[in-house]
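Have a look at the structure below, then the notes.
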Amino acid sequence: GAGVSQTPSNKVTEKGKYVELRCDPISGHTALYWYRQSLGQGPEFLIYFQGTGAADDSGLPNDRFFAVRPEGSVSTLKIQRTERGDSAVYLCASSLTGAGGSYNEQFFGPGTRLTVL
Amino acid sequence: AQTVTQSQPEMSVQEAETVTLSCTYDTSESDYYLFWYKQPPSRQMILVIRQEAYKQQNATENRFSVNFQKAAKSFSLKISDSQLGDAAMYFCAYTQGAQKLVFGQGTRLTINP
């Protein structure tokens with residue numbers, strides 16, 4: 001079956017511009033996660049959705065970053081007034097459910113490489 | 001806050017040999033999960049192996065095994081019979097179930113033919 005897909009694969013933008021990054025999770029997965037991976041670093045958590053609602057947005061660095069998942073499937077990460085420091089690979093992952101204490105494997109997409117000039 | 005530390009930025013091994021990647025973590029919780037992920041140049045994070053903290057037995061997956069030392073908060077990955085396809089970045093990660101993954105800084109593994 002299809003895995004997690006992310007579009008675009010690469011995005012180049014200019015400082016100050018607005019960008020949207022899209023994530024299509026595996027069908028039926030209710031939990032969706034966004035991570036940011038700077039060059040040479042491990043991924044860092046940004047936000048986690050359970051269904052349509054953000055269950056944990058503690059990783060969003062500031063109010064320029066916002067994410068939505070209006071129908072509980074596709075999610076969009078939105079970055080306003082981009083800065084050069086936002087350049088990174090943005091990874092999305094989904095899992096069957098995030099509810100409860102047990103673990104369900106997170107399946108990752110290939111990421112979107114964002115470059116802010 | 002939980003932290004994960006990988007102290008080896010780079011490792012190399014001869015093809016067919018064995019290599020061990022190190023990971024330590026810090027948590028005050030008793031119930032959690034630990035993982036090793038592989039990230040090739042394609043950027044896709046691939047789960048290699050996982051360990052539940054309540055299990056005393058070390059996890060194994062074919063050529064991959066872990067040495068989980070709960071008291072020492074250590075979680076190393078052993079790759080036996082290394083193959084060229086094993087070359088990648090390897091990340092150690094921690095979670096408490098239905099929560100975010102906390103990743104280490106990564107170890108770049110090179111396989112020498």
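Chain letters run A, B, ... following the sequence lines, proteins first and then strands; every chain starts at 1.
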Exercise for the section: Find out whether B/K100 and A/S58 are in side-chain contact, i.e. whether some heavy atom of one side chain is under 4.5 Å from a heavy atom of the other. Expected result: yes

Handout entry: Residues, nucleotides or ligands: over 12 heavy atoms within 6.0 Å of B/K73 NZ
Key = yes

Handout entry: Spacing of CD belonging to A/Q106 relative to CG belonging to B/L47, to within rounding of 0.5 Å
Key = 10.0 Å

Exercise for the section: Work out which heavy atom in B/R43 is nearest to a heavy atom in A/G111; give both atom names and the distance. Expected result: NH2-O, 2.8 Å

Exercise for the section: Kindly check if the number of other-residue, nucleotide or ligand heavy atoms within 6.0 Å of NZ (A/K11) is above 12? Expected result: no

Fill in the blank from the handout: Taking every heavy atom of A/L91 against every heavy atom of B/Q39, the minimum-distance pair comes out as CD1-NE2, 4.3 Å

Practice task
Evaluate whether atom CZ of A/F65 has more than 12 neighbouring non-hydrogen atoms of other residues, nucleotides or ligands under 6.0 angstrom away.
Solution key: yes

Problem - Contact class of A/S9 relative to chain B, heavy atoms under 4.5 angstrom - result: both

Practice task
Heavy-atom distances under 4.5 Å only: say whether B/R108 touches chain A with side chain, backbone, both or neither.
Solution key: neither

Exercise for the section: To the nearest 0.5 Å, tell me how far A/E105 CD sits from B/F35 CZ. Expected result: 8.0 Å

Handout entry: Neighbour count above 12 (heavy atom, 6.0 Å) for B/N62 CG
Key = no

Handout entry: Within one Ile-Leu-Val-Met-Phe-Trp-Tyr cluster: B/F75 and B/Y94, side-chain cutoff 4.5 Å
Key = yes

Exercise for the section: Would you mind telling me which of A/F108, A/F107, A/Y35 makes a side chain to side chain contact (heavy atoms under 4.5 Å, CB included) with B/M45? Expected result: A/F108

Handout entry: Heavy-atom closest pair, residues A/G42 and B/F91
Key = CA-CE2, 3.3 Å

Handout entry: Hydrophobic cluster membership, A/I47 vs A/V4, 4.5 Å side-chain cutoff
Key = no

Exercise for the section: Give a yes or no on whether A/E44 atom CD has more than 12 heavy-atom contacts from other residues, nucleotides or ligands under 6.0 Å away. Expected result: no

Exercise for the section: Starting from the C-alpha separation in whole Å, work towards a yes-or-no answer on side-chain contact (heavy atoms from CB on, under 4.5 Å) for A/Y33 and B/L101. Expected result: CA-CA 9 Å; A/Y33 304 79; B/L101 288 165; over 6 Å; no

Problem - Heavy-atom proximity to chain B below 4.5 Å, by part of A/Q37 - result: side chain

Exercise for the section: Flag yes if more than 12 heavy atoms outside A/L39 fall under 6.0 Å of its CG atom; otherwise flag no. Expected result: no

